[in-house]
Number of protein chains: 2
Amino acid sequence: MDQSGQSTERESETELPNKSAVPVSLVAIKAACSQCSLHELCLSEGLSKEELAKLDSLVGARRKLKRQQNLYRAGDPFEAIYAVRTGFFKTDILLEDGRDQVTGFQMAGEILGMDGIGTEVHSCNAVALEDSEVCIIPFSQLEQLSREIKTLQHNFHKVMSRELVRDQGLMMLLGTMRAEERLAAFLLNMSQRFTSRGYSAAEFHLRMTREEIGSYLGLKLETVSRAFSRFQEEGLIAVQQKHIRILDGAGLKKLLNHQPR
Amino acid sequence: MDQSGQSTERESETELPNKSAVPVSLVAIKAACSQCSLHELCLSEGLSKEELAKLDSLVGARRKLKRQQNLYRAGDPFEAIYAVRTGFFKTDILLEDGRDQVTGFQMAGEILGMDGIGTEVHSCNAVALEDSEVCIIPFSQLEQLSREIKTLQHNFHKVMSRELVRDQGLMMLLGTMRAEERLAAFLLNMSQRFTSRGYSAAEFHLRMTREEIGSYLGLKLETVSRAFSRFQEEGLIAVQQKHIRILDGAGLKKLLNHQPR
DNA sequence: TGGCCGCTTTGATCCATGTCAATACGATAA
DNA sequence: TTATCGTATTGACATGGATCAAAGCGGCCA
């Protein structure tokens, strides 16, 4: 979609296996929010034609990033938030002593950069894990437009709030779950997010390394690797490097609620 | 302040030790946002007189809660956000299997309830840890008013964003720190928050149990207790039940950046 | 085609924190 | 004052995950 200026799910640089029947409603042909396939994940849901047009003019600019390129870094002045159009990102924080932690993985339709609003400075790094493209949404313009468009205002608030709830979930995971539960939760979450984008729930390609997964889950990479192996032994999944096939989703879910205690 | 309808820091039900010189600017006498002592922590910063008046009329309603009473519960329909006026709260999430996690502690001037915006339903429980009072801010009215008042809009966005950043910090803590680092970070955070409210940085009264601290920090209560004891042995703090005196703040800070590795 | 390099897997061992249990403390109410 | 109950402390022991180390695997570039 980047190169062509045209856009469909299928053209995404995000090559996913098992790209199964994409609902027609998700397949867009023209550019801009008004035609973006990520409508319901992003800010434009429920806007009228005229309102969409206004949003389009605001969002005009795009930015392409190569794998491993930073969208922004901790300390950068905050000017805009970003909607992931294609590709895959991680956000992470680096402590002075060298320890770092991945705080999230973002895929198409998700918003990046809201951490900068409060202080006018970004508090984390955002890095593309594969070649990606984002819509640049200048923040002061977004605030201005959402003073005019109630629905846009509310959509934005919803996006921020959902981010808060996501974070709560991650705290829960980090605070109370054991290694295998964490990984099961992670896989189910990935699966669910791929699903809601029209991809297979059962088979996908992880964009991040074991170390990044571990950092996100508060585990060491060896522990992640071992948990993958165990899941495979138990017939829950098939792993081949970054390629994952979920064989027994129900089994994974069972891991979640059955803490040993 | 509740009973009298009048309000100053000193009347707070929050009896803190060492309530040291409160800057005059923080001491308010009348009620309402326009005179609230929590100005700069809350939503009203930078508003003009007329704007403040409008905000006042919106925020009119208050609610008092007794210790252990719920402000809202997970699943409750979302209608309003709440500004803590006096007292002390915790938020927590309960998993089906009985495990729960404290996701935050909120004190005067902090906002509760934003987790409900995205789904129209609260995703966590908010419980008063001591007798407390909140300002009720009906959310749709807040959205309406912040379409009129740019500064209010921006203040609200800042509050949400800061909450995101706070959560990132907690993830970092839960994901990468060892027990003593976590507790040191917790104590320093408490100290800093008390300070910015005009209380002593060095001496305060914890409102929560060891178990609640542990839940928040992803530790068992015994581990919290042991870490307190160790800090005391090392002369970093003096602990007597819930009463904490910080003897060597620099020493605590050193614990943070010195991971063993 | 071969060699290098980053990533992943697997094994052996260690240690921080969890678990279980006993006791102590402090506030409250009788 | 004493009994009670929730909370906190402390000790002994168990264990999940970290750490250290050594191969394996695969992709990429020369």
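The sequence lines fix the lettering, A, B, ..., with proteins before strands; numbering per chain opens at 1.
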Point to revise | Lys/Arg-Asp/Glu bridge criterion (N-O < 4.0 Å) met for A:Arg166, A:Glu163 | key: yes
Exercise for review: Could you go through the side-chain contact (heavy atoms from CB on, under 4.5 Å) check for A:Leu170 and A:Tyr216 one step at a time?
Suggested key: CA-CA 9 Å; A:Leu170 191 52; A:Tyr216 180 63; 3.5 Å; yes
Review point. Would you say A:Asp115 and A:Tyr72 make side-chain contact, with heavy atoms under 4.5 Å?
Key: yes
Check your understanding: How long is the line joining CD of A:Glu212 and P of C:dG6, in whole Å?
Key -> 15 Å
**Study point:** Whichever of A:Gln241 and A:Val224 has its nearest DNA chain D nucleotide further upstream toward 5'
**Key:** A:Val224
**Study point:** Distance, rounded to the nearest Å, where B:Arg207 contributes CZ and D:dT7 contributes C1'
**Key:** 17 Å
Check your understanding: D:dG26 C1' sits how many Å from A:Gln240 CD, rounded?
Key -> 11 Å
Review point. Could a donor-acceptor pair under 3.5 angstrom be found where the side chain of B:Arg230 meets the base of D:dT10?
Key: no
Point to revise | Minimum-distance nucleotide (side-chain atoms of A:Leu219 versus D:dT7, D:dA18, C:dT17) | key: D:dA18
Exercise for review: For B:Ser225, answer base if it contacts any base atom (sugar-phosphate contacts may also be present), sugar-phosphate if it contacts only those atoms, and nothing otherwise; contact means non-hydrogen atoms under 4.0 Å.
Suggested key: base
Check your understanding: Roughly how many Å is it from CD in A:Glu211 to C1' in C:dG6, rounded to a whole number?
Key -> 11 Å
Review point. Can you find an N or O donor on one side and an acceptor on the other, under 3.5 Å apart, linking the side chain of B:Glu222 with the base of C:dC20?
Key: yes
Review point. Does A:Lys242 make a side-chain N or O approach to OP1 or OP2 of C:dT8 shorter than 4.0 Å?
Key: yes
Check your understanding: Hey, does the side chain of B:Ser229 come within less than 4.0 Å of D:dT10's phosphate (OP1/OP2), counting only N and O?
Key -> yes
Point to revise | Steps toward side-chain hydrogen bond (donor to acceptor under 3.5 Å, both in side chains) verdict (A:Thr103, A:Thr91) | key: CA-CA 6 Å; A:Thr103 55; A:Thr91 47; 2.9 Å; yes
Point to revise | Any donor-acceptor pair under 3.5 Å from B:Arg62 side chain to B:Cys135 backbone | key: no
Review point. Given D:dT19, is OP1 or OP2 found less than 4.0 Å from the side-chain N or O atoms of A:Lys220?
Key: yes
**Study point:** Any N/O donor-acceptor pair, B:Arg226 side-chain to C:dG18 base, under 3.5 Å
**Key:** no
Check your understanding: What does A:Gly214 touch in the nucleic acid at a heavy-atom separation under 4.0 angstrom: a base, only the sugar-phosphate, or nothing?
Key -> nothing
Check your understanding: If you count the non-hydrogen atoms of other residues, nucleotides and ligands that lie under 6.0 Å from CZ in B:Arg73, is the total more than 12?
Key -> no
Practice item. Under 4.0 Å between any heavy atoms, over every strand shown, what does A:Leu221 touch: base, sugar-phosphate, or nothing? Just pick one. Key: base
Exercise for review: Please state how far atom CZ in A:Arg67 lies from atom P in D:dC28, giving the value in whole angstrom units.
Suggested key: 9 Å
Check your understanding: Within this structure, what is the CZ-to-C1' distance between B:Arg178 and D:dG17, rounded to whole angstrom?
Key -> 12 Å
Point to revise | Distance below 4.0 Å between B:Arg210 side-chain N/O and D:dT9 OP1 or OP2 | key: yes
Point to revise | Separation of D:dC25 C1' from A:His243 NE2 (nearest whole Å) | key: 17 Å
Check your understanding: Reckon A:Thr223 has a side-chain N or O less than 4.0 Å from the OP1 or OP2 of D:dA18?
Key -> yes
Review point. What's the CD1-C1' distance between B:Ile213 and C:dT17, to the nearest Å?
Key: 17 Å
